[in-house]
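Each ligand, and each atom within it, is numbered from 1 in the order the structure gives. Residue numbers start at 1 and run along the sequence shown. Treat the numbers as computed from the prediction; the structure is a model and nothing was measured.
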Amino acid sequence: MTLARKLYLGCIADDYTGASDLANTLTRGGLSTVQTIGVPADDLALPEVDAVVVSLKSRSIEAGLAVSRSRSAEKWLRGHGAQHVLFKICSTFDSTDAGNIGPVMDALRADSGDAIVLVTPAFPETGRTVYMGNLFVGSVPLNESPLKDHPLNPMHDSNLVRVLARQSQTKIGLIGLADIARGPDAVRARLADLSGKGVGAAIVDAAFDRDLETIGAVALDHRLSVGASGIGLGLARALVASGKIKSSVPSAAADATVGGPAACLAGSCSQATLQQIAAAEAVMPVLRLDPDQVIAGKEEARRALAWARGRLGEGPVLIASSSTPDQVAALQSRHGRDAVGHAIEQAMADIAEGLVESGVRRLVVAGGETSGAVVDRLGIPGFLVGAEIAAGVPVLRAVGAANGEMLLALKSGNFGGPEFFSDALKLMR
Ligand code: ADP
């Protein structure tokens with residue numbers, strides 16, 4: 001990939017839907033942005049942009065692998081001029097005691113030479129706020145939110161200073177909301193104080209967008225930050241305010257019509273997605289996969305494809321593997337958590353591949369890991385960000401894809417309103 005213009009912001013996202021969410025936020029914040037799938041190949045032609053979001057699928061893999069992939073993404077971004085790199089994590093801090101937020105942060109911090117790193121998953125517009133280091137999802141602490149039942153990384157502690165300390169080699173500190181409210185210089189002083197005490201990373205409180213602007217302005221003094229799309233918003237606004245970047249309007253090319261059959265896939269078991277599937281039943285044919293059959297072999301995916309092929313001519317269809325937390329727990333106890341997740345993700349990728357072979361050019365996918373498996377299988381190297389479907393979910397136009405023009409929407413499980421699937425298809429023409 002060649003970039004004639006200087007890259008102001010480089011981002012490494014630990015999953016694909018999180019990357020789209022961030023790319024969407026940066027675009028709305030005034031930065032022209034491209035999302036790539038993995039580290040771009042040298043011959044990939046991409047438009048000139050202010051920011052590149054490299055999407056990895058490193059949230060739930062072995063920590064050592066997440067570290068090495070993140071480091072090669074960082075090397076590529078720095079090599080293309082990125083002065084600041086944001087390691088983008090989930091706004092619900094999805095991780096386990098084995099990682100991968102802590103190990104990746106430690107490695108990138110060592111590479112960047114920063115004494116202390118600002119860390120915040122806060123993203124107030126989607127209800128993620130941090131107070132006294134505790135992450136709230138809407139009105140409840142993280143450990144009381146639906147994230148306590150996540151199939152891959154159930155979150156049982158809302159205190160992120162504790163959570164990150166269990167994953168990182170460095171001492172973790174806190175910058176409270178009172179310091180943030182006093183503005184960038186107060187935060188800088190507090191960071192210097194913490195750094196002097198040997199703290200290598202600070203969880204930063206934030207409850208409003210103005211807090212993110214303060215955090216963004218301070219983060220630009222550093223080479224690395226860690227957080228969700230909220231800190232991306234802060235960084236984008238700080239870059240535009242600094243006059244380094246002229247706020248750009250999203251490209252019209254990203255929204256041009258593609259046509260062709262449309263389909264939706266749901267592999268997320270989040271409460272939001274379960275509701276969205278139920279709502280979709282009123283407007284399109286819905287096939288619910290039998291998860292035991294998916295684990296038993298390839299036949300269930302073939303059956304789903306045959307079902308879809310017979311209906312695509314009449315309008316969009318939805319294929320879902322999603323089940324309730326009780327059913328997920330029962331299935332995992334029968335087959336093991338990783339085996340279940342992997343088998344269902346691969347079945348979704350098989351189905352997506354078959355759908356595209358059958359002419360589908362507009363595809364909506366619900367679930368972070370699920371989207372990762374699908375996009376990998378389709379071999380799409382990157383996306384231009386288009387119109388926003390719901391907070392954090394843009395329409396994506398494939399760039400450099402072998403199958404030609406294609407529109408996708410990749411939704412993190414918890415995102416979107418009840419009518420998400422039809423909302424998405426209305427904008428994906
Ligand atoms: P989210 O964005 O909600 O976290 P993901 O796709 O990232 O969604 O994660 C959901 C995980 O649950 C995936 O690994 C997926 O394969 C798995 N999964 C999907 N359906 C089921 C099911 N019925 N039972 C158990 N696990 C499932």
Distance filter under 4.0 Å to [X] heavy atoms, resulting ligand 1 atoms:
X: G368; result: 1 (P), 2 (O), 5 (P), 6 (O), 7 (O), 8 (O)
X: C269; result: 18 (N), 19 (C), 20 (N), 21 (C), 22 (C), 27 (C)
X: V340; result: 25 (C), 26 (N)
X: E345; result: 13 (C), 14 (O), 16 (O)
X: T370; result: 6 (O)
X: S268; result: 1 (P), 3 (O), 8 (O)

>> Against P124, only a single residue in L233, L212, V130 fulfils side chain to side chain contact (heavy atoms under 4.5 Å, CB included); can you say which?
In response: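 Considering L233, L212, V130, a side chain to side chain contact (heavy atoms under 4.5 Å, CB included) with P124 is found only for L212.
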Does [X] come within less than 4.0 Å of [Y], counting only side-chain N to carboxylate O?
X: R28; Y: E125; value: yes
X: E281; Y: R288; value: yes
X: K298; Y: D350; value: yes

May I ask you to identify the nearest protein heavy atom to [atom], giving residue, atom name and distance to one decimal place in Å?
atom: atom 24 (N) of ligand 1; result: L331 CD2, 3.4 Å
atom: atom 4 (O) of ligand 1; result: H150 NE2, 2.7 Å
atom: atom 23 (N) of ligand 1; result: S323 OG, 2.5 Å
atom: atom 8 (O) of ligand 1; result: G367 CA, 3.4 Å
atom: atom 10 (C) of ligand 1; result: G267 O, 3.6 Å

> Are the side chains of D290 and E300 in touch, meaning some heavy atoms are under 4.5 Å apart?
Replying inline: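 D290 vs E300: side chains touch.
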>> In the structure I gave you, are the side-chain heavy atoms of K88 and S229 within less than 4.5 Å of one another anywhere?
In response: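 Of all side-chain heavy-atom pairs linking S229 with K88, at least one is under 4.5 Å.
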>> Considering only residues two or more places apart or on different chains, which pairs with a residue in residues 138-151 satisfy salt bridge (charged side-chain N to carboxylate O under 4.0 Å, His left out)?
In response: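 Residue pairs passing salt bridge (charged side-chain N to carboxylate O under 4.0 Å, His left out), neighbours aside: none found.
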>> Test: salt bridge (charged side-chain N to carboxylate O under 4.0 Å, His left out). Region: residues 311-324. Which pairs qualify, not counting sequence neighbours?
In response: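 Pairs touching residues 311-324 that pass the test: none.
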Looking only at distances, please establish whether an N/O atom of ligand 1 is found under 3.5 Å from an N/O atom of [X].
X: G341; answer: yes
X: E369; answer: yes
X: P151; answer: no
X: S270; answer: no
X: S321; answer: yes
X: G413; answer: yes

>> For atom 21 (C) of ligand 1, which of the options I344, L152, D290, D292 provides the nearest non-hydrogen atom?
In response: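 Considering heavy atoms of I344, L152, D290, D292, the nearest to atom 21 (C) of ligand 1 sits in I344.
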> Does the cation-pi check pass for K57 over Y16, that is, NZ or CZ under 6.0 Å from the six-membered ring centre and within 45° of its axis?
Replying inline: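 Not satisfied by the 6.0 Å and 45° rule.
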>> Checking salt bridge (Lys or Arg N to Asp or Glu O under 4.0 Å) between E405 and each of R362, R397, R429, which is the one that passes?
In response: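 Of all the options given, the one that passes is R397.
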> Does K411 have a non-hydrogen atom less than 4.0 Å from ligand 1?
Replying inline: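 No.
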>> With a 6.0 Å cut-off (strictly less than), is the heavy-atom count around CD of Q169, excluding the residue itself, greater than 12?
In response: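 Counting neighbours around CD of Q169, 12 or fewer heavy atoms of other residues, nucleotides or ligands fall under 6.0 Å, so no.
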> Are more than 12 heavy atoms from other residues, nucleotides or ligands located less than 6.0 Å from atom CZ of R302?
Replying inline: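 More than 12 within 6.0 Å, yes.
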